[in-house]
Amino acid sequence: MPELRNDGPVFILDLGQGENRFSPDWITEVNAHLDTVAGRPGPAALITTGTGKFFSNGLDLDWLGAHPQEVQPFIGRVQELLARVLSLPIPTVAAVNGHAFGAGAMLALAHDYRIMRADRGYFCLPEVDLGMPFTPGMAALIQAKLTPAAAIASMTTGRRFGGPEARDLGLVDDIADLDRLIASADALVRPLAGKDRKTLGRIKATMFASPLAALREGRLTAPAN
Amino acid sequence: MPELRNDGPVFILDLGQGENRFSPDWITEVNAHLDTVAGRPGPAALITTGTGKFFSNGLDLDWLGAHPQEVQPFIGRVQELLARVLSLPIPTVAAVNGHAFGAGAMLALAHDYRIMRADRGYFCLPEVDLGMPFTPGMAALIQAKLTPAAAIASMTTGRRFGGPEARDLGLVDDIADLDRLIASADALVRPLAGKDRKTLGRIKATMFASPLAALREGRLTAPAN
Amino acid sequence: MPELRNDGPVFILDLGQGENRFSPDWITEVNAHLDTVAGRPGPAALITTGTGKFFSNGLDLDWLGAHPQEVQPFIGRVQELLARVLSLPIPTVAAVNGHAFGAGAMLALAHDYRIMRADRGYFCLPEVDLGMPFTPGMAALIQAKLTPAAAIASMTTGRRFGGPEARDLGLVDDIADLDRLIASADALVRPLAGKDRKTLGRIKATMFASPLAALREGRLTAPAN
């Protein structure tokens, strides 16, 4: 399960040592750790990463399959978490240590920055191959962070992007060797840890007002469908 | 007039051997070919191209001049075609073989990708020089596919961009020699031909909900004007 | 105070020889010069620059501190000026000769293009460090001109970008040595000076309908706050 540690003002949220899929319990744990960060006064920044082969492999499809009547509220909780990270009032960076698929890739995109392991792991939005169109909120989040060309290439193809490809397309900001991944992420956000949270929170809320509204509205499909 | 052929799952829509301007009859032909593609079950992808010097030289201004009272419904039909291509539930690529001007350039932009002939032909939005401001729908389409800098450079100058310039600015995704143009376009979409149409259609409808609504609303000018 | 001169169709608006901060009087002067440009028929283009170390250092915080009850109407005037430049019906370029901070950076962004001095001066949005979140209109203006990655990097960090960095991130379109700055800006807009003003004005009004509405609405904070 997710764990939180800190090195001075820099909090490191480790999403786990497995596939780190979004299940109700896993979401509750992640939110609890974000509560801890929110409750700690003073300078703070967040690095989100995983241990092993996965950053996060996306939604827990086994759980979803076993709870078909809970899809809507579950997606609502996923979107609320994405909205929370998107508007977190501290600097945030995803240190993508391995596979970031589906909601895992969206979670990475919700951070201010993304540094990806150079030699292994894929960034992938497989929704088109799973018969699961993006919700309006998820699409708005992804498109708020990518150029139009990168959005088309990632959202309509199901293609898996290795680190260098992901960087060239702008899916991630930079790549690093695994043993330098956390240090690279740290170098990006530690100098920003002292920003006033209230101001930074308002800035992100204003910049991303539209995707935040779409995520929090929680609709599963676009009105026209 | 436009012709449709196919090579396995890849449909090639040839816009014609002339200037391939948007007239009522030409639009009807193009739509009929898109109906054929839509009616064929199974894997499919679309390459749109032209034969000779032109991809498409834009609106048929002669026809428009001769039918001044039909401007509004005609523009409505043009925009409906652009919206249809923008949301086509199969992978699409414009193989820009020659000049793509005005609505012809917009038609290319409506596709998922654009490959442009490297050595000849221009991509150009001449509206500013024709005294024809973009409709809200057309502007929304163009801006949904370009970075802000590329939108300014192409929409406010009437500048003609050759292949390499168009690629550097992101107006097109890549360039190719003419004898490799269709092959390059094919290589891009053939691997994607098997995507589930319903899912892909919903993804595009969600991603481009805003420009699709503006195109289908069909207004000629922005409300503030 | 600001001065206006012209070299044929190219008007050069010099924002001043000091810090060129936005005060009520300074805004009135700038608007008067824009009135002159608007009232001169025939081909026209605008280069906006400053003399000395500053392009513009942003809002006149001394004036604001001395007139706390006038903040809302003052910000309204600032935003109206930004909206006016954003939609000016002639080609515009900011020749960023030195520091462009806060509203000064926004004024540069409101122009069609930005050329920045290569070796000195910073482009900076310090709002996060001043406890002054962007208004919805200001955020919409900035985001309408930048890629998502550039918006995050500039709006949430307070970071100072020198010329080469600003160009690499797309905050400015190009850089030039100081003695070539005006010539570079001139080369960009002089060939465009003959564009029909009514058409160009409508094109910009349509392209930027959303940020223009947000700027003119003049709210200080987002509705959700």
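Per chain, numbering begins at 1; letters A, B, ... match sequence-line order. All heavy atoms count here, side chains included; hydrogens, waters and symmetry mates do not. From a predicted model like this one, the values you see are computed outputs, not experimental measurements.
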So which residue, C/Gln143, C/Lys195, C/Lys198, ends up with the most heavy-atom pairs under 4.5 Å with chain B?
C/Lys195

Contacting moiety of B/Met138, where chain C heavy atoms sit under 4.5 Å
neither

Side chain, backbone, both or neither of B/Ala140 within contact of chain C (heavy atoms, under 4.5 Å)
neither

What about the rings of B/Phe22 and B/Trp63, do their centers lie closer together than 6.0 Å?
no

Does a side-chain N-to-carboxylate-O contact under 4.0 Å join B/Asp112 and B/Lys204?
yes

Are C/Arg120 and C/Asp177 within salt-bridge range, i.e. N to O under 4.0 Å?
no

Region of C/Leu212 that comes under 4.5 Å of a non-hydrogen atom in chain B:
neither

Over 60° means perpendicular and under 30° means parallel, so tell me whether B/His111 and B/Phe55 are parallel, tilted or perpendicular.
perpendicular

Presence of salt bridge, B/Arg117 and B/Asp119, under 4.0 angstrom
yes

Measure C/Leu192 against the heavy atoms of chain B and call it side chain, backbone, both or neither at under 4.5 Å.
side chain

